[in-house]
J.: 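Here's a structure for you.
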Amino acid sequence: MKKLSLILGLFMVSQSWMFAQDTLPAPTSYRVNKVSFNMVRVEKGGFWMGAQHKDTAEFNYDRHSQTDELPVHYVQMREDYYIGQTEVTQKLWKAVMGYNPSAKKCPKRPVTNVDYYEVQEFLRRIDSITGMQFRLPTEEEWEYAARGGKYTRGYIYSGSNEVDRVAWHNGNTSKLKKVKKRTANELGIYDMSGNVWEWCSSKYRYFDRERNANLGKDGEMYCIRGGAWQLPKTSCRVSWRGKRLPDLKNSFGGFRLCLDARYVKEKEEASEPDMIKKPSEDVSEE
């Protein structure tokens with residue numbers, strides 16, 4: 001019965017991918033202090049979260065999966081949301097915050113050396129400028145988007161089973177790279193695998209409640225996702241989970257924006273002048 005469900009699931013995925021390129025919503029581009037950034041709509045739906053390495057016929061088999069990626073479980077995303085087409089760039093960070101904390105400075109590279117608290121201050125300031133309510137994605141929202149949402153093809157990495165097509169890791173680079181230099185995933189999102197790991201709003205927890213009782217100090221950490229240029233390629237898997245204390249910062253950690261879809265609709269209807277919506281072909285971050 002499980003094998004039949006898997007076959008039906010793969011069939012549905014293949015059918016949705018055939019029409020994905022024609023039905024994907026175009027990215028919505030916004031400008032803050034003359035710097036543009038794109039947000040990609042992620043349509044609501046369900047997915048199997050996590051990975052396992054024991055049964056090749058079961059959902060989300062991945063021979064590199066770790067124990068904290070178990071058990072594989074079904075998650076329903078009940079509302080549409082938007083997520084950054086790229087990580088927040090140094091150019092956007094500086095436009096909002098007035099300085100650039102990154103060690104390797106380049107406006108087209110992701111901002112780095114920012115801890116969780118500094119990201120929260122960035123969010124407060126960009127909200128003040130735009131009138132929106134930007135935030136970090138939850139761990140579930142991050143993985144759903146990385147997997148391609150309702151258009152997923154079940155890849156191990158975000159957009160491919162070939163890691164070098166979509167990710168920068170310690171096997172193919174020795175430095176931070178510009179955004180959008182690897183292939184996008186099924187939703188047109190870049191660099192969810194590799195380049196910099198990304199803060200999530202979720203605190204680190206196991207997927208099964210029994211182990212959470214013994215988390216200790218780990219329970220004060222926040223989830224990070226996506227792998228990074230200084231980490232091995234196995235960390236670029238869409239199911240990989242990391243954890244960091246909120247005051248940690250380094251040269252291979254960053255973040256991307258998230259936004260509830262209802263705020264985009266409300267803003268468009270209000271037509272506020274303090275944030276200018278631009279055509280989706282804007283490429284100022286490339």
Side-chain angles (χ1 to χ4, degrees), residues 5-21 23-25 27 39-53 56 58-66 68-87 136-163 165-167 169 182-195 197-202 207 223-228 233-242 255-258 261:
S5 297
L6 179 58
I7 292 172
L8 290 173
L10 291 173
F11 175 76
M12 292 175 67
V13 166
S14 65
Q15 292 296 104
S16 65
W17 176 253
M18 289 175 63
F19 302 102
Q21 301 304 312
T23 59
L24 280 177
M39 300 292 290
V40 173
R41 191 180 187 102
V42 184
E43 299 173 72
K44 62 185 177 182
F47 76 109
W48 290 96
M49 186 174 185
Q52 54 85 24
H53 54 266
T56 58
E58 271 296 345
F59 290 109
N60 296 5
Y61 172 77
D62 182 345
R63 65 189 181 91
H64 294 294
S65 67
Q66 304 296 310
D68 68 348
E69 297 167 32
L70 287 167
V72 174
H73 57 289
Y74 191 77
V75 175
Q76 183 71 37
M77 312 305 295
R78 301 189 182 280
E79 300 292 339
D80 292 5
Y81 60 95
Y82 284 78
I83 197 164
Q85 190 177 46
T86 72
E87 301 102 341
L136 289 173
T138 65
E139 189 180 16
E140 291 81 6
E141 288 171 332
W142 192 97
E143 185 168 325
Y144 182 57
R147 289 184 179 277
K150 64 186 294 185
Y151 302 108
T152 183
R153 299 193 74 183
Y155 293 132
I156 294 175
Y157 308 102
S158 185
S160 179
N161 284 329
E162 299 177 29
V163 64
R165 290 180 59 87
V166 295
H169 54 87
R182 282 293 190 254
T183 302
N185 76 353
E186 297 94 318
L187 287 171
I189 306 171
Y190 293 85
D191 302 311
M192 293 199 84
S193 288
N195 212 15
W197 55 255
E198 302 174 15
W199 287 110
C200 292
S201 65
S202 305
F207 293 150
C223 294
I224 61 170
R225 288 300 201 109
K233 63 184 181 181
T234 53
S235 71
C236 298
R237 297 175 300 109
V238 291
S239 59
W240 177 84
R241 307 179 71 208
F255 69 105
R256 74 177 67 223
L257 295 172
C258 191

J.: On a heavy-atom basis, which atom in Ala51 and which in Asp62 lie closest, and how many Å separate them?
T.: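 Closest heavy-atom pair between Ala51 and Asp62: CB-CB, 4.1 Å.
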J.: Shortest non-hydrogen contact from Gly148 to Asn185?
T.: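 Minimum heavy-atom separation between Gly148 and Asn185: N-ND2, 4.0 Å.
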J.: Are Tyr151 and Leu187 close enough, and set up right, to give a side chain to side chain contact (heavy atoms under 4.5 Å, CB included), and what steps lead you there?
T.: CA-CA 7 Å; Tyr151 302 108; Leu187 287 171; 3.7 Å; yes
J.: Can you name the closest pair of heavy atoms from Glu186 and Gly154 and give their distance?
T.: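 Nearest heavy atoms, Glu186 then Gly154: OE2-N, 4.3 Å.
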J.: Report the distance from atom CD of Glu198 to atom CG of Leu136, rounding to the nearest 0.5 Å.
T.: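 Glu198 CD to Leu136 CG: 10.0 Å, rounded to 0.5 Å.
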J.: Could you report the tightest heavy-atom contact between Gly84 and Arg256, atom names first, then the distance?
T.: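 That closest heavy-atom pairing would be O-NH1, 2.8 Å.
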J.: Please determine which of Val163, Ile156, Asn195 meets the side chain to side chain contact (heavy atoms under 4.5 Å, CB included) test together with Cys236.
T.: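 Testing each of Val163, Ile156, Asn195 against Cys236, the sole residue satisfying side chain to side chain contact (heavy atoms under 4.5 Å, CB included) is Val163.
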J.: Can you name the closest pair of heavy atoms from Arg147 and Ser239 and give their distance?
T.: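 What the structure gives for the nearest pair is NH2-CB, 3.8 Å.
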J.: Quick check for you: to the nearest 0.5 Å, what is the distance between Arg153 atom CZ and Ser160 atom OG?
T.: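 It comes to 10.0 Å.
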J.: Taking all heavy atoms of Gly159 and all of Val166, pick out the closest pair and write down the distance.
T.: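 Heavy-atom minimum between the residues: C-CG1, 3.9 Å.
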J.: Atom CZ in Phe255, atom CD in Glu87: separation rounded to 0.5 Å?
T.: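 So the CZ of Phe255 and the CD of Glu87 are separated by 10.5 Å.
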J.: Side chain of Ser193, backbone of Tyr157: donor and acceptor closer than 3.5 Å?
T.: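 Side chain of Ser193 to backbone of Tyr157, a donor-acceptor pair under 3.5 Å: no, none is there.
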J.: If I take atom OH from residue Tyr81 and atom CE from residue Met39, how far apart are they, to the nearest 0.5 angstrom?
T.: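 Output value for this atom pair is 10.5 Å.
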J.: Which word best sums up how the rings of Tyr144 and Phe47 line up, parallel for under 30°, tilted for 30 to 60°, or perpendicular for over 60°?
T.: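 Because their plane-to-plane angle lies in the 30° to 60° range, the rings of Tyr144 and Phe47 count as tilted.
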J.: Show the numbers, then the answer: is there a side chain to side chain contact (heavy atoms under 4.5 Å, CB included) between Gln85 and Tyr190?
T.: CA-CA 6 Å; Gln85 190 177 46; Tyr190 293 85; 3.8 Å; yes
J.: Supply the atom-to-atom distance Gln52 CD to Ser65 OG, rounded to the nearest 0.5 angstrom.
T.: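 So the gap between those two atoms works out to 6.5 Å.
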J.: Side chain to side chain contact (heavy atoms under 4.5 Å, CB included) between Glu141 and Val42: does it pass, once the steps are laid out?
T.: CA-CA 9 Å; Glu141 288 171 332; Val42 184; over 6 Å; no
J.: Between the side chains of Arg225 and Glu143, is the shortest nitrogen-to-carboxylate-oxygen separation below 4.0 Å, so that they form an ion pair?
T.: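 Counted as a salt bridge, because a side-chain N and a carboxylate O are separated by less than 4.0 Å.
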J.: Under 4.5 Å between any side-chain heavy atoms of Tyr82 and Val40, yes or no?
T.: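 No, side chains not in contact.
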J.: Any donor-acceptor pair under 3.5 Å linking the side chain of Asn60 with the backbone of Trp48?
T.: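 At least one qualifying donor-acceptor pair exists.
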J.: Could you check if a side-chain atom of Lys233 sits within less than 4.5 angstrom of a side-chain atom of His64, using non-hydrogen atoms only?
T.: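 Result no, sub-4.5 Å side-chain heavy-atom pair not found.
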J.: Write out all pairs satisfying salt bridge (charged side-chain N to carboxylate O under 4.0 Å, His left out) with one or both partners inside residues 41-52, taking only residues at least two apart or from two chains.
T.: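 Checked against salt bridge (charged side-chain N to carboxylate O under 4.0 Å, His left out) - neighbours excluded - the pairs reaching residues 41-52 are Arg41-Asp80, Glu43-Lys150.
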J.: Supply the atom-to-atom distance Asp68 CG to Trp240 CH2, rounded to the nearest 0.5 angstrom.
T.: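 Those atoms lie 9.5 Å apart.
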J.: Apply side chain to side chain contact (heavy atoms under 4.5 Å, CB included) to residues Ser202 and Glu140 and explain how you reach the verdict.
T.: CA-CA 9 Å; Ser202 305; Glu140 291 81 6; 4.1 Å; yes
J.: Flag this pair as yes if the NZ/CZ of Arg241 is under 6.0 angstrom from the six-membered ring centre of Phe207 and inside a 45 degree cone about the axis; otherwise no.
T.: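 Cation-pi check for Arg241 and Phe207: passes.
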